[in-house]
Amino acid sequence: MTEFSLASYANKPLAECTELELFNALLSLTKDAAAEKGYNQGKKRLYYISAEFLIGKLLSNNLINLGLYDQVRAELAEAGRDLAELEEFENEPSLGNGGLGRLAACFLDSCATLGLPASGVGLAYHCGLFRQSFDKNKQYESPDYWLRWGQESWMRRTPKHYTVNFGNLSVTSTMYQIDVTGYHSQCDTLNLFDVDTVDERVIKNRINFDKSQVAKNLTLFLYPDDSDEAGRILRVYQEYFMVSNAAQLMLDECVERGSNLHDLADYAAVQINDTHPTMVIPELIRLLGERGIGFDEAVQIVRDTCAYTNHTILAEALECWPLSFIERVAPQLVPIIQQLDAFVRGQYEDDFVQVIDQWQNVHMANIDIHFSHSVNGVAALHTKILEDSELAPFYKIYPEKFNNKTNGITFRRWMVECNPGLNKLVSGKIGEGWKTDAEQLEQLLPLADDPAFLAQLDQVKRTNKQTFAAWLAAHQGTVVDPDSVFDVQSKRLHEYKRQQLNLLWAIRKYQRLQMLEADELPKHKVTVIFGAKAAPAYTIAKDIIHAIICLGKVIEADPVASKYLQVVMIENYNVTAAQHLIPAADISEQISLASKEASGTSNMKFMLNGAITLGTMDGANVEIAELVGEDNIYTFGDSSDEVIARYKRGDYNPRSYYEKDEELAAAVDFLTSDAMLAQGDATNLNRLHDELLNKDWFMTFPDFADYCATKAQVLKDYEDREAWQRKALVNISKAGYFSSDRTIAQYEKDIWHLR
Ligand SMILES: *Cc1c(COP(=O)(O)O)cnc(C)c1O
């Protein structure tokens with residue numbers, strides 16, 4: 001094996017290099033080291049198609065995976081340079097919104113590590129998701145130019161080009177590749193396509209751009225604003241561009257590996273990550289047809305090749321495109337989709353399962369379910385809800401297709417990289433084996449009765465809180481107290497995730513603090529930390545952000561309350577922020593309305609890093625609760641069955657709760673109090689107040705009292721530090737199940753059969 005020395009990649013002494021020069025040297029070194037490891041190969045290959053790959057920064061991740069981290073850090077230190085400085089210098093590729101994109105990234109890491117030949121396939125967005133800043137206590141969006149085009153980056157231009165024909169124009173693409181390094185293993189690749197005619201100059205102010213110029217704007221942004229028709233059509237253009245490239249790449253590569261296309265399913269497994277890549281099904285049928293394969297056989301080949309992952313039961317998120325959109329974007333697919341529709345119609349009468357409905361809308365998930373061989377949910381409860389209610393008519397037709405694959409996370413990024421203190425403590429006790437065999441973390445369990453070890457765990461958490469506080473102060477000038485309880489809710493902003501419930505709790509806490517006598521005041525201050533971006537067109541979500549920031553200011557200005565309570569909103573929450581924040585968390589808020597969160601993955605990250613979950617029995621929280629036992633998790637609220645029944649009855653009336661519960665009413669009304677209005681905007685605060693009082697579609701009020709009571713218990717239990725650390729230890733020990741290595745091994749065994 002080659003000795004990789006950073007000095008040999010720089011053309012002057014390391015001490016004299018600019019950050020850019022050092023970063024470029026590190027890029028070259030890492031790429032060479034990855035190439036030397038080689039790539040996972042085999043007859044059959046996975047094509048994981050996804051509109052999002054939220055990969056996070058890659059420098060440290062790659063150095064760790066390649067086994068070069070300590071050596072490179074030492075070499076830098078010797079020259080008086082700090083690896084942390086270069087970690088800061090690197091831009092985060094913001095190629096995803098949240099959990100779904102982060103899952104895709106964790107899956108590629110695990111595929112590479114397990115030696116599975118796999119390619120991620122997606123788009124090379126120039127700006128990805130917007131960058132969030134706060135101005136006048138509101139979210140402000142600007143383009144995030146994560147790539148300095150023309151400069152060195154993780155993306156490698158390849159000579160692969162394809163032509164993609166849209167109804168009214170034809171474009172060519174270029175494929176870029178990013179190495180996916182596995183942990184001490186061979187690599188896989190992430191293939192990202194860009195349109196050759198892309199032109200950043202069509203971006204106007206902020207994230208607005210000329211939506212009509214498809215050839216120029218196609219790969220500029222992840223999910224352009226879909227609040228108007230032009231934005232919605234653009235999304236269909238993006239999706240077709242992505243899958244047409246994916247299908248052409250895959251057929252080419254399979255033929256190169258020896259496939260005669262009739263046997264495609266022996267050469268390729270396609271995983272359709274949510275409905276965005278659905279058009280790969282008709283596109284593959286079309287391309288197989290061009291290559292001489294009849295329709296019926298093509299349908300069978302595609303079904304044997306493709307598998308679909310469902311990520312949500314929120315009705316508004318299940319994509320449904322007017323056929324007229326597809327007619328404009330990819331007219332060549334329309335006759336195929338109509339044939340698929342006719343095929344389904346010939347067999348089943350139920351309107352629910354049809355491909356094209358009576359209004360000429362195409363139901364993308366329905367194409368996926370009929371024409372792939374596997375349909376999986378992402379947590380046990382989620383899959384059960386799919387089978388029993390959301391997709392019940394399909395489950396009746398195809399019980400054998402349905403299966404569960406509970407999500408996971410890669411422990412390399414979410415502990416080894418982001419929590420070096422805990423990594424060292426754990427590895428010092430049980431060795432390094434858990435990094436690729438996560439169940440070994442259970443060997444920590446006996447230490448639950450070892451006060452010395454629990455004290456060390458406490459010390460690691462305390463250090464992480466200090467490190468996070470320093471990062472936050474440097475990052476956005478916000479000062480937090482590491483001696484306070486870090487109570488964290490970080491995830492996309494969505495009403496179903498119920499940041500508003502946490503907000504109402506904080507208001508109530510503030511109101512109580514104002515009434516307490518000095519001898520009743522709490523022992524530890526609570527710092528409620530939110531991190532969340534709201535979709536640019538999601539009005540109420542942005543109102544919630546506004547209210548959170550305003551509340552933070554109200555409390556800050558109160559000389560007494562601010563000693564016991566602080567509310568903080570992290571600016572531009574992304575993977576980098578998550579890696580700083582999660583190791584510092586004491587409490588993990590997972591408070592979605594039961595039945596609405598398919599799985600969640602931040603719940604797993606927090607657990608692995610020793611935070612205690614306060615959550616509803618939703619998504620993978622259910623499995624966390626089963627694993628750690630009721631002493632080591634705090635659950636509250638209505639069950640998914642109760643929630644589903646209440647929706648069915650349609651009799652939920654938030655006002656009835658408001659009228660019965662004085663504390664709830666006072667908290668809700670505080671949103672439009674003089675104190676809040678002095679900080680914020682009446683339009684936004686009134687709208688949020690009215691929305692909660694009149695609609696509260698995600699049923700915050702019924703869970704409010706139980707949430708407050710449970711959280712009071714959590715904070716009380718926090719005071720017994722040893723008992724708390726024992727809970728943390730049990731959580732860490734039992735987190736092994738949530739390694740994405742386990743998830744990927746299950747996909748391989750049950751769905752892909754790559755080996
Ligand atoms: C893990 C992760 C998520 C997903 O969080 P959930 O709580 O599962 O929704 C979102 N954003 C980032 C940056 C993450 O790392």
Side-chain angles (χ1 to χ4, degrees), residues 50 52-58 61 92-109 128-132 144 146 222-223 273-274 311-314 317 378-379 381-382 406-415 417-419 475 487-499 501-502 529-535 541 569-585 587-593 596-609 611 613-616 618-624 698 735 738-740 743:
S50 176
E52 302 183 25
F53 288 92
L54 191 51
I55 51 184
K57 294 188 185 191
L58 294 176
N61 180 254
E92 174 175 332
S94 53
L95 309 182
N97 273 294
L100 173 142
R102 187 52 234 172
L103 183 78
C106 285
F107 278 6
L108 291 183
D109 180 289
L129 189 65
F130 64 89
R131 178 189 296 275
Q132 179 196 53
D144 184 3
W146 67 279
L222 166 67
Y223 290 167
N273 193 30
D274 211 341
H311 282 272
T312 182
I313 53 170
L314 293 182
V378 290
L381 176 68
H382 172 230
T406 298
N407 282 167
I409 55 171
T410 167
F411 285 21
R412 273 78 64 178
R413 183 177 290 266
W414 295 110
M415 164 105 88
E417 180 182 340
C418 75
N419 199 339
H475 183 65
D487 172 19
V488 183
Q489 186 173 17
S490 60
K491 48 188 73 245
R492 279 179 305 124
L493 210 133
H494 200 291
E495 288 165 280
Y496 89 77
K497 292 178 180 284
R498 298 200 300 186
Q499 282 92 352
L501 177 57
N502 197 350
I529 304 173
F530 291 92
K533 290 181 184 176
M569 185 101 208
I570 297 179
E571 215 166 21
N572 200 40
Y573 183 67
N574 58 8
V575 176
T576 308
Q579 290 181 215
H580 286 283
L581 173 62
I582 291 172
I587 301 172
S588 161
E589 298 269 355
Q590 307 298 338
I591 60 178
S592 55
L593 175 63
K596 295 294 177 187
E597 185 71 271
S599 159
T601 48
S602 80
N603 45 4
M604 304 166 186
K605 301 168 196 165
F606 282 104
M607 172 192 193
L608 177 63
N609 284 276
T613 305
L614 166 56
T616 47
D618 199 17
N621 297 352
V622 176
E623 286 155 87
I624 294 177
F698 293 99
F738 298 109
S739 163
S740 48
T743 315

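Atoms within a ligand are numbered from 1 in the order they appear, just like the ligands themselves.
- For ligand 1 and Thr601, the ligand atoms under 4.0 Å from any heavy atom of the residue are 1 (C), 4 (C), 8 (O).
- With sequence neighbours left out, the side chain to side chain donor-acceptor pair (under 3.5 Å) criterion links Glu92 to Asn574, Thr576.
- When each atom of ligand 1 is checked for a heavy atom of Asn574 under 4.0 Å away, the hits are 13 (C).
- Under a 4.0 Å criterion applied to the non-hydrogen atoms of Gly600, ligand 1 contributes the atoms 8 (O).
- Only the side chain of Trp414 comes within contact range of ligand 1, with a heavy atom under 4.0 Å; no backbone atom does.
- The ligand atoms of ligand 1 that sit less than 4.0 angstrom from a heavy atom of Gly98 are 10 (C), 11 (N).
- The shortest contact between atom 5 (O) of ligand 1 and any protein heavy atom is with Ser602 CB, 3.4 Å.
- Ranking the protein heavy atoms by distance from atom 12 (C) of ligand 1 puts Tyr573 CE2, 3.9 Å first.
- The two residues Ala105 and Ile55 come nearest to each other via the heavy atoms CB-CA, 3.7 Å.
- Atom CD of Glu597 and atom NE2 of His494 lie 10.0 Å apart (nearest 0.5 Å).
- Between the side chain of Asn407 and the backbone N or O of Thr601, no donor-acceptor pair lies under 3.5 Å.
- Of the polar atoms of Lys491, at least one N or O is found under 3.5 Å from an N or O of ligand 1, judged by distance alone.
- Thr743 places a side-chain N or O within 3.5 Å of a backbone atom of Thr406 that can act as its donor or acceptor partner.
- From Ser602, atom OG reaches atom CG of Asn609 across 11.5 Å, with rounding to the nearest 0.5 Å.
- Across Lys497, Gln579, Lys605, heavy-atom proximity to atom 9 (O) of ligand 1 is greatest for Lys497.
- The side chain to side chain contact (heavy atoms under 4.5 Å, CB included) search around Asp274 returns Leu100, His276, His311, not counting sequence neighbours.
- At a heavy-atom cutoff of 4.0 Å, ligand 1 is contacted by no atom of Asn603, backbone or side chain.
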